[in-house]
Structure formats: structure tokens, C-alpha cells
Protein chains: 2
Amino acid sequence: MATMHDVANLAGVSLSTVSYALTGVRPVSEKTRARIQAAMDQLGYQRNAIARSLASRRTHILAMLFPAIERGLSGTALEFVTSAAETARERGYHLVLWPVNDQEGHETRELLQQGLADGALVMEVRLDDPRVALLHEVGTPFTLIGRTEDPDTLHYADIDFETTVRDALDHLTALGHRDIALLSHSRASLDAGYGPTVRVGAAFERYMTERGLSVVVRHCDESADAGRIATAGLAASHPRVTALMTMNDAATFGAMAELLERGKRIPDDMSVLSIVSSPRVGALSHPRLTTMSAPGTELGRLGVTSLIAQIEGTGATALHTLIPCRLDVQSTTGPARLPMNHTP
Amino acid sequence: MATMHDVANLAGVSLSTVSYALTGVRPVSEKTRARIQAAMDQLGYQRNAIARSLASRRTHILAMLFPAIERGLSGTALEFVTSAAETARERGYHLVLWPVNDQEGHETRELLQQGLADGALVMEVRLDDPRVALLHEVGTPFTLIGRTEDPDTLHYADIDFETTVRDALDHLTALGHRDIALLSHSRASLDAGYGPTVRVGAAFERYMTERGLSVVVRHCDESADAGRIATAGLAASHPRVTALMTMNDAATFGAMAELLERGKRIPDDMSVLSIVSSPRVGALSHPRLTTMSAPGTELGRLGVTSLIAQIEGTGATALHTLIPCRLDVQSTTGPARLPMNHTP
DNA sequence: ACGGTTAGTCGAAACGCTTCGACACCATGT
DNA sequence: ACATGGTGTCGAAGCGTTTCGACTAACCGT
């Protein structure tokens with residue numbers, strides 16, 4: 001591999017001039033610039049990324065922190081990851097995956113202190129996420145994909161769960177539904193303070209109450225079986241429910257299977273609206289699921305962009321962006337079945 | 001951040017001794033090793049990864065090459081990616097994502113020649129994949145996840161499609177099925193020489209012919225709708241078919257929906273076996289899909305392990321591993337409906 | 001008592017770049 | 001004619017490691 005030294009020699013200029021020609025930090029005359037370019041072409045020169053990093057104290061590497069164990073990443077996460085990696089590359093950065101699950105943060109700290117990454121993208125954020133303190137302490141710029149409880153001083157991009165839930169309920173109530181149940185993530189995720197579970201639960205409660213409707217929530221694990229069981233329980237305890245709002249892909253499929261098996265027609269007897277999902281997942285079911293699709297691609301792009309802005313010290317304004325899911329109406333939501341007597 | 005220099009001063013030894021204590025390349029007495037350790041603890045010292053890379057000409061970074069555009073990564077791919085990233089970390093390596101889609105390979109070459117990565121993991125391999133030549137030329141060690149047409153001289157881990165198809169057919173024929181159709185990936189992927197499509201097609205043809213059965217293959221895009229259309233066509237042209245072997249998750253769901261809509265019972269009237277899939281995906285349907293699940297985790301682990309072995313020059317034997325998918329019998333495969341007259 | 005190892009340590013030279021200070025040069029405006 | 005200021009270039013000092021050659025002291029067999 002040719003080095004900058006070789007290029008300088010061949011072009012008959014000093015090493016630093018080549019560097020300036022490349023970085024543009026200081027002006028270089030058109031003439032010498034051309035000679036340098038010719039030399040680089042001839043040698044097939046590429047700047048050594050590592051040496052560059054060492055000298056400039058910028059690695060152009062972004063780390064993506066995700067707790068790997070917790071049920072692996074979902075389908076949305078994949079979209080997010082590829083979008084983040086792509087955006088990074090477009091901007092001349094690299095995205096490295098750090099699937100770390102140490103509660104104490106020892107491993108994460110070591111990784112950060114090795115100085116490999118210029119910044120971090122934090123996934124699967126909890127309301128009281130300990131990684132925030134860690135990152136502050138180490139001094140690594142970071143952007144959350146998600147939010148802590150009080151994220152005003154932080155940079156984050158997250159799903160606007162409040163709006164998503166409201167839009168979802170608008171859709172359902174416009175169809176005449178009044179008895180709506182929420183099928184959410186596991187209770188464990190709620191207890192752990194996992195953002196989506198907590199926020200959707202709160203928003204659901206709030207908007208249902210505002211509309212004078214009663215709040216029915218079921219938590220269940222990420223499996224079709226758990227979804228079936230939860231749905232069966234719901235049918236027994238709340239037979240009046242005409243619409244299911246779900247945030248749990250696997251459970252949603254289980255729920256639909258259970259409903260069909262019980263002879264319920266979808267959407268005639270029961271509407272199903274899956275939020276924080278994606279049309280791609282929705283297309284897998286029959287009838288095709290009405291979904292509110294998560295903005296994974298946008299979040300990936302935004303997160304990386306904001307992180308780079310922090311690192312480079314440009315774009316002084318902090319990222320505080322919430323993006324709601326988009327409603328994609330398909331075949332599992334329809335008018336509520338004729339109203340029965342509404343006395344309790 | 002403390003440097004090795006600081007540690008050396010505090011411990012009262014030379015810089016190189018600290019380095020030797022850390023790398024173990026040369027012996028260091030127990031006494032000074034202890035002093036160095038104490039100094040490091042006191043300073044909270046962490047070796048700078050970049051300086052290390054520059055001096056040792058080893059970045060401990062592995063690049064994962066995947067063509068981003070092509071329908072994004074599938075669910076199996078996610079498993080693979082996280083497994084690869086985890087394995088890398090366990091071994092002290094980092095996995096960086098390079099979603100590159102340039103046919104000419106200019107971008108890939110530039111990336112490689114920057115010297116950031118010690119090696120590459122190549123995904124979505126085609127039978128005549130041009131990246132192989134590129135990697136050879138650049139001199140970067142690499143391992144394929146997949147195989148080219150003639151991969152004997154290369155390192156690879158791939159799904160054993162031949163065995164997978166054979167096992168799948170064993171399962172189906174044991175249930176009495178003789179009229180079996182294959183619903184595969186898109187024709188475009190076949191034309192592009194995408195490994196799975198080509199190999200599964202060939203194996204299907206071979207094993208069906210061996211058993212004296214007629215070969216029916218349908219290619220369709222990665223969508224439920226395409227799956228429905230293909231299934232409708234199949235019903236018209238080959239009404240005798242009693243079993244569908246599919247390799248296309250989205251299309252499989254579409255196919256099942258279409259079958260149900262036509263009043264077919266699954267598996268009574270039609271068995272469905274989804275290969276190169278996963279139980280997690282299978283659990284989404286009702287009835288629950290019988291699948292042959294792809295060994296994503298194993299492939300990730302193997303690929304990274306082999307790549308590291310190449311880089312470090314250990315483990316002289318090349319990786320030539322094929323892993324078949326595992327059969328997970330659920331509810332969409334069952335005995336063939338009573339045999340009709342088998343004359344053509 | 002003597003060359004030959006070996007364990008343990010040091011200083012200095014890379015690794016391939018960025019960046020700083022200095023300097024020469026030429027065009028200004030006065 | 002002269003300071004002023006921008007352009008364009010150079011040499012050298014880092015960046016924080018690894019690694020090489022060299023040296024010392026202790027230990028071995030004879």
C-alpha cells in the first residue's frame with residue numbers, strides 16, 4: 001500500500017502539502033493539487049484510516065449499543081440498524097455493533113475507553129437507563145434511540161407513542177369502537193421501565209379515560225402462544241371488547257389465530273390494530289393487518305445525523321424528535337359490531 | 001485519559017515493559033508486573049485501540065459486507081448479524097456494518113483499502129460473486145456466508161441446501177405426498193445467481209426426479225400478495241398438488257391465506273412446509289407453520305471464528321461447512337389426502 | 001572459572017497520518 | 001518605497017502504541 005510519503009515524493013511536494021490537499025485545511029494551489037492527484041491516481045493511494053484517526057483523534061466510528069440478550073432485536077430494529085449503518089457510511093462514518101449486556105456497565109465502559117468510537121447510539125432505552133450516566137462520565141457523545149424519563153438535556157429520537165396511541169384510538173373510535181383493549185409487551189418489560197411499554201400504557205390509559213372509556217390492558221410475552229392465552233383470557237373477562245390494539249407482533253398473530261378459532265370474524269366481530277409494527281409484518285397475516293408502522297428508517301437516519309453533529313460540533317441544537325407511527329389501513333379494522341346495551 | 005507513558009512513569013518502569021506486560025510478547029517479572037498492574041488500576045488505564053492498531057497493523061475490526069438495497073435483510077439475517085457481532089466481541093474483535101451496493105465494487109474497494117478492517121464477512125453471496133476477486137486483489141482475508149459456484153479454495157459457511165431439501169422431501173413423502181410444488185424466491189434472484197434460489201431449485205429438481213416425481217416450481221417476489229397470486233396459479237395449473245414446499249416467508253403467508261380463502265384446509269387438503277425459515281416466523285401463522293429453520297446463529301459464529309483464524313494465521317484448515325436447516329414439525333404438514341388416480 | 005543461554009528490562013525507531021509554526025512570495029493600498 | 005496580509009509550502013513535532021536490537025544479570029553445564 002502506498003503511503004502519503006510515496007505520494008509526496010512522486011508529486012515532488014512535501015508530505016504536509018499532500019495532507020492539506022486532501023483535507024483542505026489549508027489552501028493548495030491548483031497546480032500542485034493536480035500533481036498530487038495524478039500521483040495518487042498513479043499509486044492507487046488511499047488514506048490509511050487508522051493513522052488518520054490516531055493523528056486527528058477522530059476515528060469516524062460510531063458504536064451502536066444494544067442489549068443483545070433481551071429477546072434479540074425485532075424486525076423494526078433491523079430496519080433501524082441498516083438505515084443507521086447506511087447513513088453513517090454516507091457521511092464517512094462507520095457503524096460498529098456492540099451487543100453488550102452487562103448490568104454493571106463494566107464491559108461497556110472498557111469498550112468506550114478504548115477510544116475506538118467517536119460516539120454512541122443507544123438502543124432499547126429504559127426510563128432510568130444507567131448507560132446515560134456512564135456515557136456522561138466517560139465523555140462520549142451519544143444519542144438515544146428512545147428516551148429516559150426526563151431526557152430534556154439529552155439528544156434523542158424516539159417514536160411518538162402518545163400521538164401514535166391517539167391516532168390509533170381515533171381510527172378505532174371513528175369506526176364506532178368503544179370497548180378497546182390493549183395487548184402490550186410483557187410485564188417484565190414494563191417493570192424494567194422499557195420505554196415503549198410504559199409510554200404506550202400511559203397514553204392508552206390517558207386517552208381512553210379522556211374519552212370516558214374503560215381501560216383494559218393485557219401484558220404478554222413475545223410469542224404467539226402468549227398472545228393466544230391473553231386473548232382467550234380477555235374474551236372471558238371482557239366479552240364486550242370489539243377492538244384489540246396490539247403492540248407485540250408475535251402475540252398479535254397469536255391473538256388473531258385464537259379469535260378465528262373461536263369463530264370470531266375479523267374485522268366484523270373484532271378489529272385488530274397492531275401498532276409499532278410494519279406493513280411488511282402486517283402483510284404476513286390473513287386478513288392483512290392494519291398497522292401503525294414504526295419509523296425505523298427515519299430514526300436510524302436521524303440518530304446518526306444528530307450524533308455526527310454532536311461529534312463535529314456543528315448543528316448546535318439538540319435532537320429532540322418524536323415521530324409517530326404511520327397508520328396503514330388494511331383489512332383487520334372495520335366498523336364496530338352493532339352496539340349492545342352499554343350499561344355495565 | 002491515561003496513556004501507557006503515564007503507567008510506566010507511575011510504576012517506575014519503561015514504556016516498553018508496560019507494553020510487554022500487557023501483550024505477553026516478552027517475559028516480565030512477577031514483581032514488576034504487579035507494580036504495573038497497580039499503576040494501571042490507579043489510573044484506570046485502558047489501552048488506546050487506535051494507537052495499538054497503527055503500531056501492530058491489526059485493527060481487530062471485521063467488516064460485514066452486505067448489499068443493502070436488495071429487499072433489506074431478512075429475519076434470519078438479523079439473527080446472523082447479532083450472532084456475528086457477539087462472537088466477534090467475545091474474541092476481542094469488532095464488527096462493522098458495510099451496507100454497500102455498488103456493482104463495480106469501487107466503493108467496496110476504497111473501504112477495504114483504507115485499512116480499517118482486518119477481514120471481511122461476505123453476505124448474500126452469488127454464484128459468480130465479483131466481490132471474491134476484489135477481496136483477493138486487495139488481499140483482505142474473508143469468509144463467505146454462502147458459496148460461489150466453485151468455492152473449494154475459499155472459506156465459507158453456508159446452509160446445506162441439498163440436505164435441507166432432501167430432509168424436507170423425506171418429511172413430505174413420508175406423509176404420503178407425491179405431488180409437491182416448490183414456491184421459491186423471485187426469478188430475479190435466480191437470474192442473479194443468488195445461491196439459495198439456485199441451489200434449492202437444483203436440489204428440488206434432482207431429488208424429485210430421483211423419486212420419480214414431477215417437478216413443479218414457482219418463483220415469486222417477497223410479498224404475501226405475490227405468494228397469493230402464485231398459489232392461485234398453481235391451483236389452476238396443478239390441482240393435484242398436495243404439498244407446498246416454500247422458501248419465501250412473505251409469500252408463504254400469502255400462499256396460506258390464498259389456500260384458506262379457497263376453502264382448502266391446512267394440512268388436510270394441503271401441507272405447507274417452509275424451509276430456510278425460523279420457528280419464530282412459523283409461530284406467527286395459524287395454524288403454526290412447520291418449518292425448516294435456518295442456522296443463522298451458527299453461521300454467524302462459524303463465519304467470524306473462521307475469519308479470525310485466517311487473520312491470526314492459526315487453524316490452518318479452511319472452513320468448508322454446510323449446515324442443514326432443522327425440521328420443526330408443527331401444524332401445517334400432515335398426511336396427504338387420499339390418493340387419487342395417478343395417471344397423468 | 002568460562003563461554004552460552006535465558007529472563008528481564010530499556011531506549012529508540014517505526015506505524016502513517018494531522019497539525020503547528022515558520023517562511024517565502026506576491027499583490028495590495030498608501 | 002514600505003508595512004500589511006493573504007497564499008502556498010515546508011519541516012518537524014506529535015498521536016499512543018508495538019517491536020526490534022541491545023544490554024545486564026543470573027544461571028547452566030563442564
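Labels below follow one simple rule: chain letters A, B, ... track the order of the sequence lines, proteins then strands, and each chain is numbered from 1. Worth saying up front: this structure is predicted, and the values here are computed from it rather than measured.
Looking at which nucleotide of DNA chain C each of B:Ala51 and B:Glu30 is closest to, the 5′-most match is held by B:Glu30. When each of B:Val25 and A:Val13 is assigned the nucleotide of DNA chain D bearing its nearest heavy atom, the one mapping closer to the 5' terminus is A:Val13.
Counting only heavy atoms from C-beta outward, the side chains of A:Leu299 and A:Ile159 approach each other to under 4.5 Å.
Using a 4.0 Å heavy-atom cutoff across all strands shown, A:Ser29 reaches sugar-phosphate atoms only and no base atom. Using a 4.0 Å heavy-atom distance criterion, B:Ser53 is classed as making no nucleic acid contact. If you check every strand for non-hydrogen atoms under 4.0 Å, A:Leu15 touches a base. A:Ser56 comes within contact range of the sugar-phosphate backbone alone, with a heavy-atom separation under 4.0 Å but no base atom that close.
Residues from residues 37-47 of chain B placing a heavy atom under 4.0 Å of any atom in DNA chain C do not occur.
The side chain of B:Ser16 approaches C:dG11 more closely than any other nucleotide in the set D:dC10, C:dG11, C:dC17. In this structure, the nucleotide among D:dG16, C:dC17, D:dC10 sitting nearest to the side chain of B:Thr3 is D:dG16. Looking at the side chain of B:Ser14, the nearest of the listed nucleotides D:dT17, C:dG16, C:dC10 is C:dC10. Among D:dT9, C:dC17, D:dT17, the nucleotide with an atom closest to any side-chain atom of A:Arg52 is C:dC17. Among the nucleotides D:dT18, D:dG8, C:dC17, the one closest to any side-chain atom of A:Ala55 is C:dC17. Among the nucleotides C:dC10, C:dC20, D:dT7, the one closest to any side-chain atom of B:Tyr20 is C:dC10.
As rounded to whole Å, 13 Å separates atom C1' of C:dC17 from atom CG of A:Asp6. Rounded to an integer number of Å, the gap from A:Met4 CE to C:dC15 P is 15 Å. Atom CD of A:Gln114 and atom C1' of D:dC15 are 17 Å apart (whole Å). Across the protein-nucleic acid pair, B:His5 atom NE2 and D:dT18 atom P stand 15 Å apart, rounded to whole Å. Distance A:Met1 CE to C:dC17 P: 10 Å, rounded to the nearest Å. What separates CG of B:Leu54 from C1' of C:dT18 is a distance of 12 Å, to the nearest Å. The NE2-P distance, from A:His60 to C:dC17, rounds to 14 Å in whole Å. Rounded to a whole Å, the CG atom of A:Asn48 is 17 Å from the P atom of D:dT17.
Ring orientation note: the planes of B:His136 and B:Phe142 are nearly perpendicular, at an angle over 60° on the 30°/60° scale.
Residue B:Arg301 is tested with B:Glu86, B:Glu90, B:Glu79 for a salt bridge (Lys or Arg N to Asp or Glu O under 4.0 Å); the sole match is B:Glu90.
Distance check: B:Tyr93 OH to B:Ile311 CD1 gives 5.0 Å after rounding to the nearest 0.5 Å. Summarising the geometry, atom OG1 belonging to B:Thr17 is positioned 11.5 Å from atom CG belonging to B:Leu22; distances are rounded to the nearest 0.5 Å.
A salt bridge does not link B:Arg58 with B:Glu312: none of the charged nitrogens is closer than 4.0 Å to a carboxylate oxygen.
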Residue pair B:Asp129, B:Thr148: steps toward the side chain to side chain donor-acceptor pair (under 3.5 Å) verdict: CA-CA 6 Å; B:Asp129 208 298; B:Thr148 55; over 6 Å; no
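Counted by atom type alone, A:Asn48 and A:Thr3 present zero donor-acceptor pairs between their side chains at under 3.5 Å.
Residue A:Arg26 places a side-chain atom within donor-acceptor reach of the base of D:dT9, judged by atom type and a 3.5 Å distance cut-off alone.
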